[in-house]
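Numbering of residues begins at 1 and proceeds along the displayed sequence. Atoms considered below: every heavy atom in the structure, side chains included; atoms not considered: hydrogens, waters and symmetry mates.
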Amino acid sequence: MPTDTDIDPLVATDREVTVVTPSPIALPPLPPAAPRTVPAAPQRPPRTPENSITDVTEPLLAIDEALQVEDLEAHTEEDKRRWWEFAYERNIGVLAVQNTTNPHTPLLTDSYLVVHDGTMTWDIPGSEQLAGIHVRRDLGAGTFRLEYQRAPIVALAQNWLVSRGADLGQVTPHDERLPTCDQPSRALEQRLAQAGDRYWIANSYTSDLVLDPAHSSGGPPSSNEDLVYDFNTWIIAEDQRPAAGEHPVRVFYEDVDYLGRTYTLREGGFPDLDAAFEWTRRAGAPDNPLPPVGVESARSAAARATSPAAAASPAAAVAPALPTTNDQTVTRPRTR
């Protein structure tokens, strides 16, 4: 007996098959779609001399305000990377800036900036915290180039900018909130800023430590006046064109009085790099002054030793005579 599964539906015509089709469900009509509106992006005002050529002469500007490349594209990916390195850092302050314009338009072409990069405090210890930045704008192509050079002190950042066409007077910080220096320091800074490629920088180190000896010993935190601010920078440089009678290696030492808002910059001369590095081990110690730049000749040393002032000095009066042999040859004591 065949089952239902054995019956071919095409042959089994003796059965009535009723197909029930469900009636469609009536849905309410959709409301008409509201027109989609996209809020327009805020438009910059048209570039005119009144609102686009900013006279950036106020020191300590925000870096993004001073670069002024918001309407331009980076010429290369490297220019873009350099711009990102500075553009949005809040710890970068503009100390000085010079802007130049196209002779035929009021639009900016070049900008020269001296900046302090506070982010270097958290970088490798001793890192250079100043930088010179040069922005070049191609107004026809709508692009910009950005190059920079890091430096341990302001004068060396200025040196790099001056070599690229900046005016020293316009890239010199003048803000009254910045530390001040004495006349010898200012003269040395100007000489370094205009030295061109005379000095080759072998090494530098910047210290910006704030120490609290009392708190380190278990006591309560000290007030600002009782903290120890170890702010200084030393630079070892080779003089490529030393003057006659001067050492070929220099150490430039900047010492900052943080609470007094002053600093000094001094230089010393050394016969070689090893001697200069040895001095930096105790840089700034009271009993470790910088030696003079000039080389003292044997003749001048002998003349100084036989001068009336030297003969009348207590040291010369009590200096013991060196022992001599029978042939009057001076013998010197052996030293280990």
Between [X] and [Y], is there a side-chain N and carboxylate O pair less than 4.0 Å apart?
X    : Y    : answer
E267 : R191 : yes
D255 : R266 : no
R164 : E147 : yes
D239 : R250 : yes
D71  : R137 : no

Side-chain H-bond candidate by donor/acceptor type, H134 with D110, under 3.5 Å = yes
Does the separation of the ring centres of F277 and F270 fall below 6.0 angstrom?
->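 No - the distance between ring centres of F277 and F270 does not fall below the 6.0 Å cut-off.
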Got more than 12 heavy atoms from elsewhere within 6.0 Å of [atom1], [X]?
X    : atom1 : result
Q240 : CD    : yes
R282 : CZ    : yes
I124 : CD1   : no

Are the side chain of [X] and the backbone N or O of [Y] linked by a donor-acceptor pair below 3.5 Å?
X    : Y    : value
R261 : R177 : yes
N159 : G196 : yes
Q98  : D167 : yes
E246 : P242 : no
S185 : C181 : no
W279 : N288 : yes
D79  : A74  : no
H174 : T172 : yes
S207 : D230 : yes

Stepwise side chain to side chain contact (heavy atoms under 4.5 Å, CB included) test for W83 and F144 | CA-CA 10 Å; W83 175 77; F144 73 90; 4.1 Å; yes
Non-hydrogen side-chain atoms of D117 and L130 separated by less than 4.5 Å |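 No, side chains not in contact.
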Tell me, do V97 and V114 make a side-chain contact under 4.5 Å, heavy atoms counted?
->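 The answer is no, as the side chains (C-beta and beyond) never meet within the 4.5 Å cut-off.
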Sole residue of D208, D123, T119 in side chain to side chain donor-acceptor pair (under 3.5 Å) with Q129 = D208
